[in-house]
Structure formats: structure tokens, C-alpha cells
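Beneath this line is the structure, given in C-alpha cells, with notes to follow.
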There are 2 protein chains.
Amino acid sequence: MRASDKAYDELRTDIVEWRLRPGAVLGEVEQAERLGVSRTPLREALARLVADGLAVQQRGRGAVVSDVSLEHIDDLFALRRALEIESARIAARRADPAIFTELRTRFLEAGKGADRESRESFYHLAAELDRRIDAAVANPYIQQSLRSLRVHLARVRRLAQDDPARLAVSALEHAAIAEGIAARNPDIAAAATQLHLHHSLEHIKAHSGTREDT
Amino acid sequence: MRASDKAYDELRTDIVEWRLRPGAVLGEVEQAERLGVSRTPLREALARLVADGLAVQQRGRGAVVSDVSLEHIDDLFALRRALEIESARIAARRADPAIFTELRTRFLEAGKGADRESRESFYHLAAELDRRIDAAVANPYIQQSLRSLRVHLARVRRLAQDDPARLAVSALEHAAIAEGIAARNPDIAAAATQLHLHHSLEHIKAHSGTREDT
DNA sequence: ATGACATCAACTGTATACAGAAATTGCCAA
DNA sequence: TTGGCAATTTCTGTATACAGTTGATGTCAT
């Protein structure tokens, strides 16, 4: 693995998992020493972070971790609406119904439990649905935009606490999306996605507080 | 201006304007000498091009200009539909009607002439409409995705020849979009945008040939 | 004649040194 | 005490050198 990739992965993980808070200064020398790489690959890593929108370049003061707050969530979800609803539409036209029928069943199953174990499996299942939709859409341009978007979403999710009740409902919403795609009905898949995004946004805005954990 | 910015701008322009064809190898030493910069800033420029999707990194053989063909156009327009229709919707809810009413008038005027001069003014007008919609949407995430998309669109446009008749119709379609936004009617703005994108895609697919000019 | 292996060359990836610019800090004057 | 200016220090941006790897080419053997 290249040193620049290593630096990029570590910095990105640190930012997404809030170990590097918004506003933190990413000095080239400091971070290069911390990660054990030279300044050249670290600069490449910083450039990629800036391209991702995870950091902003400040003149003279290096790069700082970009801000993320509730004000940006509406903007983030506006883009998410545009991309995921269109993706659901396209997937519903192209997907293999068998795959999404099976996913629907597993979502209905995952919604029943509320312990940590089933919570973990639910997150993995949601990620798998994303991957399956991506594969069905098979559009590199949409995939790239979604990939960039999901990095920011992962960051924002840390603003909201876990909520078992929301998780159960969310599982049902995911099942509805899978059902709409399996039925090859673009309108239903789009509607289910829109509904899910609406509830998801409402939940984050309602149950978010300032986090002061590690 | 930084040397890396200069290298990035020149390479990007060369790729978008087809001076660097798809498949062209971007050797670090070769391009660094050609552009009169060192390898370090050139590497940063290449990294940005790869992030933009204008080049792909090949192991061992440097970066090559990414492929663009008619097969990708449907994918490109799928993303464009998602982003621009949603943008039109949002702009219709927030925009200042006076600005878009004036833009509509200018589009109706621009559609009448067919000479090179009015063609130029039409392109500038279309770009201004994009900017005005961007400003009204005021969403940095959507703006970033749109910016990346438009680079690819500029590349694809060279596949299709100019067509005065299409230009006149296109002006009317742009006027309709501006009208929908000015009327603060999201559905009409979205419908006008969808119609415009549909015709635009049809035109490109119908009137595109292999170009072997400089 | 063809295929495989070895050698060579070119290119990428990384580190480091150097120059220029900007910010911060300290000192002096009002 | 406060404001402005200057000097120092740190950081960015660029160039270049070095090492490792990969691809290409040529030769030899079958």
C-alpha cells in the first residue's frame, strides 16, 4: 500500500469518526510526523481530503477539517434525495428481483430484534442494500457522487444518537424500498425512498445534540 | 498563481477541448517538461484530474485520459437529470422572480438569431442561467456534484455538431425553465428541465459522429 | 520460428532540501 | 496602555535526488 493512501485512509477515518473535529488544523509537518510518512505523500492525501470536501484549504494556515452542523444537513439531504430517488428508479427498472426480494425478507427479520447484535447486522444490511442498488444502477457517475455524499453522511450520523425504535421503523422503510425494486416499480421504489429519507432527516434533526464523547 | 494550479488548468482544458484524446498517456516527466513545471506540482494536478474522473490511474504506466463515448452519455444524463431537476425544483421555491423573468426574456430574444454572434451569446446566456440557478439553490454539495458533472458534459458536447435549428428550440426550452422558476412553480420548472434534458440527449445521440478535427 | 528468461531502461513513489511568503510575537513610541 | 511596525519563525510550494518496481526488448534455447 502506498504511503499516500495510508495517510489518506487514516486522516479520513479520523475525520469521519470525529477524532479530528471540525476546525482542527492539519499541519503538514505535524501530520506527516504523526502518521510516519513524508510531506510529499501527505500533501497528496490532504489534496484528496479537500477534493472530498472533508477539509478546506486555508491560505497560509494549511488545511482545516471542514465544518459540519445542522445547517448543512438540509443541503446534504437535498443532494441525497436527488441521487437516491433517481437511483431507486433506475434500479427498479434493471435489478434482478430475486436479490431484492431476499433483501426485503432479511430487513423484515432485522427489524424485530433491538439488541446490539441485530443493530450491527442492520447496519451491514443497509450497506448491502446500497451496494446492490449501486450494482443495479451501474452508473459510474452516480456512484462517484454517491460515494462522496456517503462520506459526509457518515460524519453527520454521529450527530444523532442511536434509537432502537427508529431502527425498527427504518428497517421497515428499507424493506419497502427493496420491495419496490423487486416489484420493478420505479414509482413505488422512489416513493419508498423519499419517505425513508424524510423520516431519516426528521429523526436526525429531532434527536441530535452536541456530542462531547471521544 | 501556483504552478500546480497552472498545470491542472492547462491539462483540464487540453482534455476538455480534445487536444488530449481519450487514452493519451500523461507521463509525469513528459507533461512536466511540456508545461514547464516540476514533477511535484504536476503530480498534484494529475491527482485532481483523476479525482474529477478526467483521467484514470494505471498501475505502472501513470495516468491516461479517461474514455468518453456514446455509451457513457446515458449514464451522464441520468446523473444530470437527478441533479438539475432537483435544482430547478429548489430554485423555483427560493429564487427571486425578477431575475428569472429577465433571463426568460433574453432567451426568447436569443432564440431568434442564428449567426455566430447570437450563438455565442446563447452559450453565455445558458451558462448564466446555470449560475443563477446555482446561486438560488445555494447548496454547496449539489454545486460540487454539478461542477464535476459539467466538466464531463463539456467534453461530451464536442461529440455533437452545432445545429442552428436545435439552438433555437433549446433557447425556447431554457426560456421555459426560467419561466417556471420565475413563476415559483417547482413542478413546472422540473418538467421544463426534464423536457430540455430529454431533447438535448436525443439531439446528441442523433447528431454525433466520430470527430477527427484538431 | 517461437517462446521464455534475463537484463536494461524508464517511470513511479518517496524523501529531503531550499526559497518565498505569511503570521505571530515582541518591542518601541505615542 | 494601546497601536503600529519590524523581525523572527514557521509553514507552504517547488525542485531534485534516490530507490524500487514494472514494462520492454533482446537473446538464447528448443
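Residue numbers begin at 1 in each chain, while the letters A, B, ... track the order of the sequences.
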Exercise. Classify the side-chain pair B:R147/B:Q144 by whether it contains a donor and acceptor separated by less than 3.5 Å.
Key: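 No, no side-chain donor-acceptor pair sits under 3.5 Å.
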
To the nearest angstrom, how far is [X] atom [atom1] from [N] atom [atom2]?
{"X": "B:E28", "N": "D:dA17", "atom1": "CD", "atom2": "C1'", "result": "15 Å"}
{"X": "B:Q57", "N": "D:dT22", "atom1": "CD", "atom2": "P", "result": "14 Å"}
{"X": "A:M1", "N": "D:dT21", "atom1": "CE", "atom2": "P", "result": "17 Å"}
{"X": "B:Q58", "N": "C:dG13", "atom1": "CD", "atom2": "C1'", "result": "17 Å"}
{"X": "A:K6", "N": "C:dG13", "atom1": "NZ", "atom2": "P", "result": "17 Å"}

Quiz item: With a 4.5 Å heavy-atom cut-off, do B:V56 and B:V50 have their side chains touching?
Solution: no

Quiz prompt | Contact residues, residues 39-54 of chain A to DNA chain C [heavy atom, < 4.0 Å] | solution = A:R39, A:T40, A:P41

Self-check item: Selection: residues 30-38 of chain B, any non-hydrogen atom under 4.0 Å of DNA chain C
Solution: none

Not counting sequence neighbours, which residues clear side-chain contact (heavy atoms from CB on, under 4.5 Å) with [X]? List them please.
{"X": "B:P22", "value": "B:W18, B:D67, B:V68, B:R155"}
{"X": "B:H198", "value": "B:E202"}
{"X": "A:E33", "value": "A:V29"}

Practice problem: Name the orientation class of the two ring planes belonging to B:H174 and B:F107 (parallel below 30°, tilted from 30 to 60°, perpendicular beyond 60°). | Solution: parallel

Exercise. Could you tell me which residues satisfy ring-ring contact (aromatic ring centres under 6.0 Å, His included) with B:F77, sequence neighbours excluded, listed by chain and number?
Key: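 So B:F77 forms no ring-ring contact (aromatic ring centres under 6.0 Å, His included) with any residue.
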
Quiz item: Distance check: side-chain N/O of B:S4 vs OP1/OP2 of D:dG13, anything under 4.0 Å?
Solution: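 For D:dG13, OP1/OP2 do not have a side-chain N/O of B:S4 under 4.0 Å.
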
Quiz item: So how far is it from A:S66 OG to A:H152 NE2, rounded to the nearest 0.5 Å?
Solution: 6.5 Å

